[in-house]
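Notes for the one structure printed next.
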Amino acid sequence: MRTLAAWLIRAQFRSRRAATLLSMLAIALGVALGYSIHLINDAALADFSRAMKTVQGEPDAVIAARDSAGSVPLPLVDEIAGDPAVLVAAAVIETRVRIDDLRTPVRLIGIDLFTAAAMMPGLLPRDAERAATGGILAGALYASPALLAEIGLQAGATLTLLRGDQRWSATIGGDLPAAGADDLLLVADIAWVQEHFGPAGAVSEVRVRLAPESDPAGWRAGVAARLPPALLLRVAQDDSERASNLSRAYRVNLNVLALVALLTGAFLVFATQLTAVAQRSTHFALLGVLGLPPRMRLLLVLLEGLAIGLPGALLGLVLGYALALAFTQLLGGDLGGGYFSGKVPLIVPQLLPASGFLLLGCAASLTGAAYPAYLNLRQPLVEALNNGFTARPQAVRSRRRQLLLPASLALLAGGLLQLPPLSGLPLAAYAAIALVLLIGVAGAPLLTQEIFGRAARLRLPATQRIALQNVAQAPLMAQVAASGLIVSFALTASMVIMVSSFRVAVDHWLDHVLPAPLYLRGKASPLPQELLTALERADAPFLRVERSAYASLTLDPRRPAVALLVRELDRRDPAARLPFTGAVLVPPPEMPVVWISEAMQEIYRIVPGQSLRLPLLGGDVEVFVGGVWRDYARQFGALVISRDDYQRLGGDFRPSDLALWPRPGEEAAAGEWLAPHAAAHALEVAESAGIRRLSLSIFDKSFAVTYALEAAAMVIGVFGLAVTLTASVWLRARELATLAALGFDQRMLRHALMLEGALIASVGLLIGLACGIAIGAILTHVVNPQAFHWRMPLHLPWLALLGGAVATLAAAVLASRQAAREATRLPLAQVLASSQ
Amino acid sequence: MLTATGLAKRHREASRALFTDLAFTVAAGEIVALVGESGIGKSTLLNCIAGLDTPDGGAIAIGSPAVDIVRLGEAARAALRARSIGFVFQAFHVLPTLTVAQNIGVPLLLAGVPAAEHASRTQALLTGVGLPGFGDRWPASLSGGELQRVAIARALVHRPRLILADEPTGNLDPRTAGQVLTLLLERVREQRASALIVTHSRHVAESCDRILTLTPQGLE
């Protein structure tokens, strides 16, 4: 039986080389895209974890402040260090400083050399022979090789460090040999850092290694319970989880998009295998008559599917690896989400994920082959032997039964959309999207019969009538031909809708969050006092200046920190500056009020009007939640507090960003006024129009991969139509030959077939558009809020959608020319003479 | 070799009876012609015997020891056909994507004949049907007569005990038909197989050992 299967599969591939290769390539493309995205993200995450390990070592626990402005008091450090269960307690002070003209701040880490040797070998400094600085304990700085290369200095040179309007000079004593190739780090003695940058009497965090005989879980639980609310205890696993969570939804989303290409590939396999089954129905029937067991008729078609899927998936793995290498070399490890740096991470293929994608490719191909295999099994032998393929399983269905499947699927999809995210991912919504596609494909025969059955009854010229009747009377073939197009156009349209909705929403949001003409940013570093004082002088060319400061709060150690924005706004009228999504509540007079972003509302399940305890300014502060505002900048949540409330709570308001309104007519002077300050302190000045342009360009870049994947899906969809139409010419050879004998010339045959292609493509595009709008709504209203915590109104870009549909229709008509050409090549006399 | 008893079959769409209470036998080594008007049910009867259609009543015992094909499941019927029955059709039904030798070899694969015997059996039959050296050729390059010779070789290659032929010369010109018929009968007799040949041709019927005529009243 194996020999027979090999003969038949070889024969099938020989006779349908183009269609088989296309299906194989479609599977390869889907696997390649998915696998390359996996490899790039995996490498970027590994790079991220490695960098974290260099800086942090591998502690059993880390004790740190929840508030980024907070610290761990030294008495607690001493208490931890004196705990008999603790082997090493390494105190660390970390801050960000600027170096001379370098615009990007770098991390300055203050370490205790002796505890760091045991805990963080990656941060150990190496003295340069010629530096003669007296070493780390004498106040020397040590820079990572990447930083030395960036600033173009060597050991022995003097650096100027800037923070706010303070400057310190220090000598480079050597380098950090264990730092990663891309790490921009400075290391100094913890006492030196504390003396210059603070915090006084405290450290940023304590990294703990426990004694081998201790009980880590018990110790951690005990210490966590004793810690004041402003501090938290986290473990290395939390850090990895947090790093992974940072980009998880984005990665899953990209992978789902890659799977879309695979799904379209599965539909192409479906189209290829169904036409192959139909074309060879007499052959399979003959084999059945000669004694081929029924299950072999099923297995043979499945085996053919596997024979397409396996090499396709293997090719996909190779292509995916090559694609990942090329992509990281060209664009670094960030796929447009902005979660990782643009560094070139090391791509390391691993057996398990590779096997997973291999299986996925095979499964997609087998799924595509499953229904054709079933139909092959169900073909009545004698009828198939005498009359060829019969689509009776579809044709005899009553309208009610035809409606039953789409209606049940729609109900199921509606149910799935009510489910909450699973493990933070919108898995039920993705399943609902798959169901919408199935509804579209399952509904195609009914729609085809309805529309074209009626149209065929009109008085039309012979060519048009034949084309209409063929499409109306062969709904299964129309379904097969249109399925790839339905799926690819639906997904493309949905992405266009989602991205357009998002872009329009971001555009409106930018209007609201960028009210001032000019902005000045200190990049999370406090602005120099000298500048702030100058701005208050009467001769400053500004009508109004609003200051803001940033910090972060860790509410859950496994989740990325929440941004805390301290802004100069009127707590009685926050809506003047924040784009609220609902009512703004009046807070109790004596209670501090915060306004939370939508993401924070979704992630931490907080509702306006409730009170909330925040680990703020070293304490546990109760605040009132006054409303929810839209924020597309911070996916993991943000909260705004007014400067007045922050200062009332004892906060030290040190602004890092400014919104500036120049006096009318003094716009140019305002820019000139700011320029020397910006140059002296490496500050960034931007016009709101420039920020808007940059934001939208980042937005477009982040969806570039999405567009590439959708384009691939569309190409596959159009190929699918071409493959099916070409195959259908051979299936209907006798009918076409009869038409030719009755007087249809080659031009008429060609026109009829191209018209058929256009009609089927129209059905596909129509259904695809309807499904696309439904999926676009799911992506906008369910997937985005669940995965990224972003909400936005639905916006249908009709011009782009209809333009895309017309372009696809044109491509489909062009693709059906191949089928028309095949029809004119049919050996008509031979076909008519043959009874096969 | 073949014993049918009490066979009945109604037309699927029209509710009229095609035949009722048919009974006949084909002895081992006997070649029987089945004749009758178009639409009378000859092909349906043949399909019932081959297990491709199921009669509404009756039994069809094939081989020795006899097996009632009507009582078998679909997989067992396929196995019985693969082992014990050879087919020749009016429309040849030669697989165009396999070579001539591969076409003839298909029943050997289905019957589980050891691979070592395939080449010799195929070659012997190609010679036997007058097509030596045709093994590597593709069906598209063969004439109708040659295709039917390939079909005859395929029907006999696994040495079945029963050959069922449905209008085996219906698509051929009289001269070729005569040659193919002679060949078919010679090879069937050579293998001492039984055969039931459905035909409209008086010449074909008269060449057989016995003629059964299917009429609305039954077999005559």
Side-chain angles (χ1 to χ4, degrees), chain A residues 1-17 20 276-277 279-300 304 376-388 390 392 396 730 733-734 827 830-836, chain B residues 12 43-44 46-48 50-54 73-99 101-113 115 118 138-140 143-144 147 151 154-155 157-158 160 164 166-167 170-171:
Chain A
M1 215 59 86
R2 259 182 306 188
T3 314
L4 183 60
W7 284 356
L8 293 171
I9 291 171
R10 258 207 306 271
Q12 154 72 354
F13 285 2
R14 211 171 31 232
S15 62
R16 295 173 55 82
R17 207 169 288 157
T20 307
V277 162
Q279 220 169 0
R280 294 175 300 160
S281 58
T282 51
H283 306 174
F284 280 117
L286 172 72
L287 291 169
V289 168
L290 294 182
L292 185 74
R295 66 184 168 82
M296 282 305 293
R297 295 207 299 277
L298 181 94
L299 277 178
L300 271 172
E304 284 178 2
N376 195 37
L377 175 72
R378 304 295 301 166
Q379 286 296 300
L381 288 183
V382 178
E383 273 180 58
L385 190 64
N386 294 330
N387 306 319
T390 165
R392 187 190 291 157
V396 294
W730 288 98
R734 242 189 303 182
Q830 207 176 317
V831 170
L832 276 177
S834 158
S835 54
Q836 282 194 62
Chain B
R12 198 186 299 157
S43 294
T44 305
L46 207 64
N47 289 337
C48 289
L52 300 171
D53 202 346
T54 306
E74 207 173 329
R77 288 181 188 188
L80 181 64
R81 284 197 297 273
R83 219 173 38 244
S84 307
I85 304 177
F87 293 88
V88 183
F89 308 94
Q90 179 178 359
F92 320 140
H93 289 308
V94 174
L95 297 175
T97 51
L98 301 186
T99 62
Q102 284 175 332
N103 264 288
I104 296 173
V106 167
L108 296 175
L109 295 170
L110 293 174
V113 173
H118 289 198
W138 294 97
S143 69
L147 284 172
R154 184 183 61 197
V157 71
H158 55 305
L164 299 176
D166 193 355
E167 296 279 5
N171 273 5

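- For a residue to count as touching a neighbouring chain, one of its non-hydrogen atoms must lie under 4.5 Å from one of that chain's; by this rule B:Arg83 does not touch chain A.
- Pairing each heavy atom of B:Thr97 with each of A:Arg14, the nearest pair is O-NH2, 3.0 Å.
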Distance-only criterion, 3.5 Å: show the donor-acceptor pairs between side-chain atoms of residues 1-10 of chain A and protein atoms not counting sequence neighbours.
none

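- Looking at B:Leu98, only its side chain comes within 4.5 Å of chain A, counting heavy atoms on both sides.
- Atom CZ of B:Phe89 sits about 11.0 Å away from atom OG1 of A:Thr282, to the nearest 0.5 Å.
- Residue B:Ala50: no heavy atom, backbone or side chain, is found under 4.5 Å from chain A.
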Output a table of donor-acceptor pairs, distance under 3.5 Å, between side-chain atoms of residues 286-295 of chain A and any protein atom two or more places apart or on a different chain; print 'none' if there are none.
none

